[in-house]
Amino acid sequence: MSKSNKMTLSKKQNLTGWVFLAPGALLIFIMSFVPMFRALLLSFKTGIGANMKWSGVTNYVRMFQDTVFVQSIKNTFFYLIIQVPVMLLLALILASILNNKDLRFKGLFRTMIFLPCATSLVAYAIIFRSLFANNGLVNLVLVNLGILDQPYAFLTNTTSARIVIIIALLWRWTGYNMVFYLSGLQNIEYSVYEAAKIDGASAVQSFFKITVPLLKPTILLTAIMSTNGTLQLFDESVNLTNGGPANTSITMSHYIYDMSFKYVPNFGYAAAMSFLILVLVAVLAFLQMKVGDKRD
């Protein structure tokens, strides 16, 4: 047999790799991309069941005429603009503190901060709803301390309801992002910080001049993931405030759920709204990568 007919080692390795990848790739195609394509087709239809008919871009035009959906977009971006930067900065500060080799019981502190991530999304939302209820622990403490004369309706006031959701998100997800930063900090030689300290750099200067620049790829990753997660926010809106009062805390995913299963089912319209979220996630991720990744 001639050399040209013989399979080289490189080709064998490539073929072996594709053999292992093929089952997973096929499952992803069938379970993810096929439903996405069918949902895209569905977004151009109106009606229910067998009465569905092709309607072009009617659903997409309707989205921007729907006051509740427009309100849900505003609410979601309100959470995104406030919660994500605060959460990432807090996670970065906590990671820097807990990366100190001289800190005692840092393993315990890391576990305590990460522990909220292990709780169920539904369970923690219900717990926060109980905490901020009229007869909840927060009102009880504030009234007994004399800060409030009577219980405050946190969950039936627009501003406070949104703030409660943000507080809940910070409690649930800060530790998750902190772990990413701690992992990145483990790859930074501690001697770099010691040298900066000898040169007279303060803790704040070391944070902004060493920690932040060296963790830039990790910060970019967490920013993209957090943006993606916030744009798809669902459990907190449903279980914590139920979108109230008067839909002023409802999120896009919550409204899509309502249009699909709570009201008269309108899967075509819900699919169209879902694809808007997909576009928003893709655009914001692209912008974050263009701004954050300065590599040539």
Centroid separation Phe64 to Phe69 less than 6.0 Å:
no
Can you list the steps and then say if Phe44 with Tyr60 is a ring pair (Phe, Tyr, Trp, His ring centres under 6.0 Å)?
CA-CA 8 Å; Phe44 294 103; Tyr60 291 93; 5.4 Å; yes
So does Glu189 have more than 12 non-hydrogen atoms from other groups sitting under 6.0 Å from CD?
no
Phe33-Phe37 aromatic ring centre distance below 6.0 Å
no
Would you name the heavy atoms of Ile219 and Thr222 that are closest together and state the gap between them?
O-OG1, 2.9 Å
Which atom of Ala153 lies closest to which atom of Ser160, heavy atoms considered:
O-OG, 3.9 Å
Test side chain to side chain donor-acceptor pair (under 3.5 Å) on Asn139 and Gln150 and set out the steps.
CA-CA 8 Å; Asn139 269 313; Gln150 58 184 5; over 6 Å; no
Do Glu236 and Tyr79 have side-chain atoms, one donor and one acceptor, less than 3.5 Å apart?
no
Determine whether more than 12 heavy atoms belonging to other residues, nucleotides or ligands lie under 6.0 Å from atom CG of Asn144.
yes
With a 4.5 Å cut-off on side-chain heavy atoms, are Leu284 and Ile224 touching?
no
Side chain to side chain donor-acceptor pair (under 3.5 Å) between Asn239 and Tyr124: does it pass, once the steps are laid out?
CA-CA 9 Å; Asn239 299 301; Tyr124 104 91; over 6 Å; no
Please check if Leu233 and Leu280 belong to a single hydrophobic cluster, counting links between Ile, Leu, Val, Met, Phe, Trp and Tyr side chain heavy atoms closer than 4.5 Å.
yes
Evaluate Thr241 against Ser249 for side chain to side chain donor-acceptor pair (under 3.5 Å), listing each step before the verdict.
CA-CA 7 Å; Thr241 64; Ser249 67; 2.8 Å; yes
Worked verdict on Tyr176 versus Phe114 for ring pair (Phe, Tyr, Trp, His ring centres under 6.0 Å)
CA-CA 6 Å; Tyr176 177 82; Phe114 180 75; 7.3 Å; no
